[in-house]
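What follows is a structure written as structure tokens; I'll ask about it next.
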Number of protein chains: 4
Amino acid sequence: MSDTVEAWIEELLKSDGAGAKMTEKQARIVQSAIEVFAEKGYAASSTSEIAQRAGVAEGTIFRHYKTKKDLLFAIVAPAMTKLLAPFVLRGFHKVLDTEYESYDQVLRAMIENRIEFLRKHRNILKILLQEIPFHPEMQERFQRDVLGLVLERLRKLVAKFQDKGQMAELPSSTVVRLSVSAIMGYVAVRTVYGEREDAVWDDDFEREETIRFVMRGLGLA
Amino acid sequence: MSDTVEAWIEELLKSDGAGAKMTEKQARIVQSAIEVFAEKGYAASSTSEIAQRAGVAEGTIFRHYKTKKDLLFAIVAPAMTKLLAPFVLRGFHKVLDTEYESYDQVLRAMIENRIEFLRKHRNILKILLQEIPFHPEMQERFQRDVLGLVLERLRKLVAKFQDKGQMAELPSSTVVRLSVSAIMGYVAVRTVYGEREDAVWDDDFEREETIRFVMRGLGLA
Amino acid sequence: MSDTVEAWIEELLKSDGAGAKMTEKQARIVQSAIEVFAEKGYAASSTSEIAQRAGVAEGTIFRHYKTKKDLLFAIVAPAMTKLLAPFVLRGFHKVLDTEYESYDQVLRAMIENRIEFLRKHRNILKILLQEIPFHPEMQERFQRDVLGLVLERLRKLVAKFQDKGQMAELPSSTVVRLSVSAIMGYVAVRTVYGEREDAVWDDDFEREETIRFVMRGLGLA
Amino acid sequence: MSDTVEAWIEELLKSDGAGAKMTEKQARIVQSAIEVFAEKGYAASSTSEIAQRAGVAEGTIFRHYKTKKDLLFAIVAPAMTKLLAPFVLRGFHKVLDTEYESYDQVLRAMIENRIEFLRKHRNILKILLQEIPFHPEMQERFQRDVLGLVLERLRKLVAKFQDKGQMAELPSSTVVRLSVSAIMGYVAVRTVYGEREDAVWDDDFEREETIRFVMRGLGLA
DNA sequence: AATGAATGAGTATTCATTCAT
DNA sequence: AATGAATGAATACTCATTCAT
């Protein structure tokens, strides 16, 4: 499963928005831009530094991206696609619908998926989170494509479990919110504390307790 | 209680870092800066726009704040103090220790407190969240003063409830994390959906379900 | 002699251009200005730093001196007066005319006088030298009052010695130039090397050799 | 000889510090900077005026020189090299060692050399003299490279003449100081008076008398 | 496609000077 | 006389963008 998804995404990466293949320089520009944007924030990043890190001339950036903003969007737009990919891909989709027998399996899968995603795309995610508030186009697209789609799908998934007789009393959107909050809280703290050497953070324990907490909270255990 | 706290905070607001009274122009500068920083982000804000909105000459800003960064910190530093104020103030403190008979009261109080805070200081909070990743000094101070203190106090509070025989099986820090995640998730969604006209968001219902979810999740109901 | 001269000069210092007594703050302003101008040069000095060093408010400077340039002139103008003072003061004047029996005594007196002057007024002199090229008024005044008067007086003094039958073949102005060059060269090198610890500079020797060099050069020894 | 030297120097001028060829705009920037710095002094010169006079955009200056100070140094550093060039160049060097039969020839050559130099590089020299006191790096470099090298060479030259039995009684450094003082005095006065229409300045006469004065002063005539 | 010199509008910041207190 | 907040023009410098090569 993951292989399929990732392969699909890799392909995404290899082409620019117009579908054309990226040259090697273009790829280096995008890589540098991701680094610099993540480090300093979009507004505080200079195209000249990006060019320098990419080892290309200043002008070259503007041959590929008409403006600095275009470069940002060229990074962020595919990121959004990738964010929701696991939830809309046909293959994965089917899995979602059928494979999980109990809700805690869903939660566990979501956690693993998000952690993996964070690990792989930390910088891009950072950029996305930082810039969304300042670009209405991005906001709109994020809310429509990502939030809307993903939540709707999760809602349906939850509804399916509810049909089976569990969590009957709560609206499915509320269930989604509560589940996602718990997972995000776990992932967030893990991201901060999980990296420390002196960590008193027992990851497996915290993860399982989080899942149990949600299950109990939803009246499933 | 709230009156006392707010009064104390208002005082904070009325003086600059050095303890001196703010002139009227200085206050206008700070107000404009908060607006502009929140709207465009710190890096994308220009001192000239801040000055214009405040109705002062650009030079006036720099009479009060040596650099643009100083202006940012003059806004953000007291915000941090205020953030943790309810948790460290003597008055409130005593309350925390004694008044709550059951954990759901604590959760309800936290929710109300955070919502109120968010309503009052939305812009400053936005600035704080946006800028923390780019200013190590801010990061450090936030982690040490705000996170550290607040979480420690909450942990103690939780431990007290645990001593009374409830939630015995979980580490108090985990309990805090799970509780805070749920509350933050509720507040966040509420902030986004609560403002819409067409909202299918029944605030009282969602709040109570959130509290019940946490209580159940912790084995308290 | 020196006492008389210095007393007269001290008086100069105590009054501003208009003849009024200086207040203590004004005196501190002038002192600070001399320091700062000498350290950084006039153009690179800021009135705010001068005010700070003087311990007065920024506005206070402009109560006494309408512009920064006025402050400069208030420092430099009396300096020029003082520069030529020894040559025009009645008391000293008489001495010049009568007392010296041979030219080497004149040279020796000049050297001592210039060294003393340099020691006392190094900063003001530095300012004067630095700023003369950029202020035509200063240039004119310097050329007319200082150079003109001093050289003329020296020329007459030399002429008197020539009348006694020495240095007959050279124009007196040439004699003055050659003498002054040698003395200035000596004083300049002494200023640079004389301060070093490791100096291989035998001051008495160099001074006497300089005088002897001039005397021989003029055919007087 | 002079041809060779000058050719070498011209080459120096045509390349920037890094050895790269100057573009035409860069050359115009340097020219304008020399003019403006000489006219108003470094600190009082604005990059905008320099750009305007050079007919380039202000930004263009900073493409070539990272800071205004860099521009200053790019002007002054080669000037120092050129200042000492005649004394260290192999060709000239040999000449120095062998060609002059009597000391007055040396003096005459020095005078001509310095006058020529002054004529050609008056502005740069003015800048150099004005700015040396405020830039320790420049001071150091000047003292080490220029003063040190030149004086040492002159000292050796003088010593050679002394070996031949003349000026035996004086340290060679003292001889150099006295000679240079006289020449500089001559050149300085000449620079001031030599340009006037009404000049009572007989250049040939003054030059020869100066040389004769030095020769007599050193016991050589 | 790629370069990099050139641009000019824009940036944060400084400064001499003013003026109400 | 003295203050110091306020000013606005000027400053050095940056930046996204253009364009001739």
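Values in this document were obtained by computation on a predicted structure and should not be read as measured data. Below, chain A is the first sequence line, B the second, and so on; all start at residue 1.
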Side chain of His64(D) (C-beta onward), nearest among dA6(E), dT17(E), dA12(E):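 Within the option list, the nearest is dA6(E).
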Residue matched to dT21(E) through Watson-Crick or wobble contacts both under 3.5 angstrom: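 By the stated definition (distances under 3.5 Å), dA2(F) pairs with dT21(E).
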Counter-base of dA16(F), judged by Watson-Crick or G-U geometry with both distances under 3.5 Å: dT7(E)
Nearest-Å distance for atom pair NZ/P, residues Lys66(A) and dC19(F): 12 Å
Backbone N/O of Leu72(A) and side chain of Tyr65(A): donor-acceptor pair under 3.5 Å: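 Such a contact is absent between Tyr65(A) side chain and Leu72(A) backbone.
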Stepwise side-chain hydrogen bond (donor to acceptor under 3.5 Å, both in side chains) test for Ser48(B) and Glu58(B): CA-CA 6 Å; Ser48(B) 88; Glu58(B) 209 170 343; 4.8 Å; no
Interatomic distance where OH belongs to Tyr65(C) and P belongs to dA1(F) [whole Å]: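 My rounded result for the distance is 12 Å.
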Flag if over 12 foreign heavy atoms under 6.0 Å of CD, Gln139(D): yes
Glu58(B) or Ala57(D), whichever maps to the more 5' nucleotide of DNA chain E: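 Whichever sits nearer the 5' end wins; that is Ala57(D).
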Protein-nucleotide distance (Glu49(D), atom CD; dT11(F), atom P), rounded to Å: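 Atom CD in Glu49(D) sits about 9 Å away from atom P in dT11(F).
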Atom pair distance, as rounded to whole Å: CD1 in Ile61(C) and C1' in dG4(F):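 Computing the Ile61(C):CD1 to dG4(F):C1' distance gives 13 Å.
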For atom NZ of Lys68(B) and atom P of dA12(E), their distance in whole Å: 5 Å
Contact nearer the 5' end of DNA chain E, comparing Thr60(D) with Ser45(B):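 Per heavy-atom nearest nucleotide, the more 5' residue is Thr60(D).
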Carboxylate-amine/guanidinium contact Arg141(A) Glu137(A), below 4.0 Å: no
Base-pairing mate for dA12(E) - Watson-Crick or G-U, with both contacts under 3.5 Å: dT11(F)
Atom-pair distance (CZ on Arg63(A); P on dC19(F)), nearest Å: 11 Å
Gap between atom CD1 of Ile50(A) and atom OG1 of Thr60(A) - 0.5 Å precision: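 CD1 of Ile50(A) is found 13.0 Å from OG1 of Thr60(A).
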Distance below 4.0 Å between Thr47(D) side-chain N/O and dA12(F) OP1 or OP2: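 Answer is yes, contact under 4.0 Å.
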Nearest-angstrom distance from the residue atom CZ of Phe62(A) to P of dG4(E):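 After rounding, the reported distance stands at 15 Å.
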Side-chain N or O of Lys25(D) closer than 4.0 Å to phosphate OP1/OP2 of dT7(E):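 Indeed, a polar side-chain atom of Lys25(D) lies that close.
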Atom pair distance, as rounded to whole Å: CD1 in Ile50(C) and P in dT3(F): 15 Å
